[in-house]
Amino acid sequence: SKLLLLDEPLAGLAEADRVIVADLIKKLAQTHGVLLIEHDIDRVLAISDRISVLHQGRMIADGKPSEVAANPDVIAAYLGAAKDGAQAPPPAIERIAHARAAVLLETNRVSAGYGGSTVLEGVDLNVHAGEAVALLGRNGVGKTTLLRSLCGTLTISNGDIVFEGRPLARLKPYEMNRLGISLVPEGRRLFPNLTVIENLQLAARPGGLALEAVFELFPRLRERRAAKAESLSGGERQMVAIARALMVPSKLILLDEPFEGLAPAVVKEVMDALIKLRGKIAMVIVEHHAELVLPIVDRAYVLVNGQIAFSGDAAILEHDHELQARLLGVVQTEAAQARGAA
């Protein structure tokens with residue numbers, strides 16, 4: 001082949017894997033033409049010879065990486081900053097005193113897997129009412145397997161899962177959902193031929209969030225309410241997927257990679273919505289990018305080879321970069337190291 005078309009090859013990869021794949025793309029570009037679609041702007045700037053930027057179906061920039069990076073329209077559209085380059089600092093949050101809140105969900109020595117193989121082994125995890133919890137780990141360590149176990153789409157092989165004092169082991173997924181556990185799956189899984197409103201109405205049940213409350217949480221969906229899901233951007237689809245989980249009377253939502261493949265400006269919109277939900281509904285957020293999720297959660301768990309290798313306050317892991325590197329394979333950039341030193 002003479003031309004390689006790569007559609008977000010870095011999406012869902014841990015930082016160490018991103019370094020490897022980015023280096024491979026650079027090597028391939030020496031002998032092949034490469035057309036790369038990617039949201040990781042730092043990597044795109046580092047490995048590209050020329051960058052074209054699309055925004056809402058219109059080309060807003062095309063040129064050398066240094067020129068595109070300084071383009072005010074790109075800064076405003078992609079990074080969510082003002083055209084002078086100024087960006088609002090991340091919102092400060094008040095972490096919940098989870099020790100004083102009732103335990104909502106508890107797993108005791110949970111093991112699970114597929115086809116006779118064990119992926120999770122002896123996992124202990126708990127979530128308090130209204131608490132936001134990050135579930136972190138490298139690829140293939142069992143994060144999605146644990147979420148599937150918590151919502152009943154995967155039967156555990158050992159241990160117990162208790163929700164509000166009630167064992168869940170023998171319940172069907174829809175029965176768990178009726179108790180108040182909702183999943184926001186990776187890939188969003190909307191009905192593509194239905195509109196935003198129709199996707200939400202299908203999930204709506206008495207006691208869930210009203211449409212007007214959804215639009216207050218995600219203002220962009222008000223504008224796109226009549227659009228079919230197949231015509232939405234990735235960020236808009238993620239907003240609909242989260243809103244759909246809130247259309248039922250949920251006490252706990254499980255979010256699988258909610259920021260995957262989203263531009264920084266859209267990540268901020270989704271993150272702002274999750275921050276608004278803190279304290280009102282419990283959340284377990286699976287995410288590859290620790291730096292995105294740790295500042296907005298109360299506690300964190302790290303899975304290594306199917307077992308819990310860290311559990312504790314998110315602030316501890318957020319500021320311990322050596323621990324992150326050891327558990328998550330995080331390779332810090334010079335800019336990140338400078339921020340940590342400061």
Side-chain angles (χ1 to χ4, degrees), residues 80 88 90-98 100-105 125-136 147 150-151 163-164 176-186 188-190 196 199-200 203-222 224-225 235-260 262 265-287 289-301 313-315 318:
I93 66 164
E94 181 180 350
R95 288 190 162 94
I96 297 169
H98 51 78
R100 294 197 297 269
V103 174
L104 184 68
L105 175 82
L125 173 147
N126 59 67
V127 181
H128 297 77
E131 183 183 27
V133 174
L135 180 59
L136 306 170
L147 288 196
L150 296 180
C151 67
F163 185 74
E164 290 191 317
M176 293 189 186
N177 182 246
R178 289 175 180 173
L179 290 178
I181 302 175
S182 294
L183 174 68
V184 181
E186 184 179 9
R188 292 95 191 193
R189 300 182 192 176
L190 305 179
V196 169
N199 269 281
L200 296 178
R205 291 209 304 272
L209 212 60
L211 279 174
E212 187 57 36
V214 165
F215 293 149
E216 290 179 6
L217 195 62
F218 297 111
R220 191 185 297 206
L221 295 186
R222 187 192 302 275
R224 301 286 280 156
R225 60 187 179 275
E236 291 165 345
R237 293 180 189 180
Q238 186 63 70
M239 294 174 194
V240 176
I242 296 173
R244 178 181 57 189
L246 299 171
M247 295 295 290
V248 303
S250 299
K251 299 174 183 177
L252 170 66
I253 57 174
L254 312 171
L255 299 107
D256 197 356
E257 304 283 359
F259 307 129
E260 181 182 348
L262 304 186
V266 182
V267 168
K268 184 180 183 305
E269 287 188 61
V270 175
M271 190 179 294
D272 287 345
L274 296 183
I275 290 172
K276 291 178 184 177
L277 292 172
R278 294 180 75 258
K280 300 176 183 177
I281 185 170
M283 295 179 280
V284 174
I285 306 174
V286 166
E287 181 54 52
H289 301 293
E291 75 280 2
L292 286 179
V293 71
L294 286 175
I296 67 168
V297 298
D298 302 294
R299 287 188 303 118
Y301 289 88
D313 289 345
E318 179 186 358

Discussion item. Could you go through R220 and V266, starting from their C-alpha distance and side-chain angles, then the distance that decides it, and tell me whether this counts as side chain to side chain contact (heavy atoms under 4.5 Å, CB included)?
Written reply: CA-CA 10 Å; R220 191 185 297 206; V266 182; 4.2 Å; yes
Fill in: Worked verdict on L274 versus V293 for side chain to side chain contact (heavy atoms under 4.5 Å, CB included)
CA-CA 10 Å; L274 296 183; V293 71; over 6 Å; no
Practice prompt. Could you walk me through whether M283 and V297 pass the side chain to side chain contact (heavy atoms under 4.5 Å, CB included) test, one step at a time?
Written response: CA-CA 9 Å; M283 295 179 280; V297 298; over 6 Å; no
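N126 and Y301 get closest at one heavy-atom pair: N-OH, 3.1 Å. Residues M271 and F259 come closest through the heavy atom pair N-CE2, 4.1 Å. For the pair L150 and I181, the tightest heavy-atom approach, listed with the atom from each and the gap, is O-CD1, 3.9 Å. In terms of heavy atoms, L104 sits closest to A129 at CB-N, 4.0 Å. The two residues P295 and E318 come nearest to each other via the heavy atoms CG-OE2, 3.7 Å. Considering every non-hydrogen atom in both V214 and L200, the closest pair reads CG1-CD1, 4.1 Å.
I242 contributes atom CD1, which lies 9.5 Å from atom CG of L221 (distance to the nearest 0.5 angstrom). Rounded to the nearest 0.5 Å, atoms CG (L255) and CG (L135) are 11.5 Å apart. Here the straight-line distance linking atom CD of E260 with atom CG of L292 works out to 12.0 Å at 0.5 Å rounding. The CE atom of M176 sits 8.5 Å away from atom CG of L179, with the distance rounded to the nearest 0.5 Å. Here the CG-CG distance, from L183 to L252, works out to 10.0 Å after rounding to the nearest 0.5 Å. One distance of note links CE of M239 with CG of L217; it measures 9.5 Å at 0.5 Å rounding.
Residue-environment remark: CZ (R205) exceeds the threshold of 12 foreign heavy atoms within 6.0 Å.
Remark: R225 engages no residue in a side-chain hydrogen bond (donor to acceptor under 3.5 Å, both in side chains) (not counting sequence neighbours).
Using a distance-only test at 3.5 Å, with no hydrogens or angles considered, no donor-acceptor pair links the side chain of R299 to the main chain of E131. Judged purely by atom type and a 3.5 angstrom limit, R278 uses its side chain to pair as donor or acceptor with the backbone of I296.
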Quick one: side chains of residues 243-250, donor-acceptor pairs under 3.5 Å with protein atoms, not counting sequence neighbours, listed by atom name and distance.
{"from": "R244", "atom 1": "NH1", "to": "R189", "atom 2": "O", "distance (Å)": "3.0"}
{"from": "R244", "atom 1": "NH2", "to": "R188", "atom 2": "O", "distance (Å)": "2.7"}
{"from": "S250", "atom 1": "OG", "to": "S182", "atom 2": "OG", "distance (Å)": "2.6"}
{"from": "S250", "atom 1": "OG", "to": "A245", "atom 2": "O", "distance (Å)": "2.8"}
{"from": "S250", "atom 1": "OG", "to": "V248", "atom 2": "O", "distance (Å)": "3.4"}

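Salt bridge status for E216 with K276: absent, with no side-chain N to carboxylate O gap under 4.0 Å.
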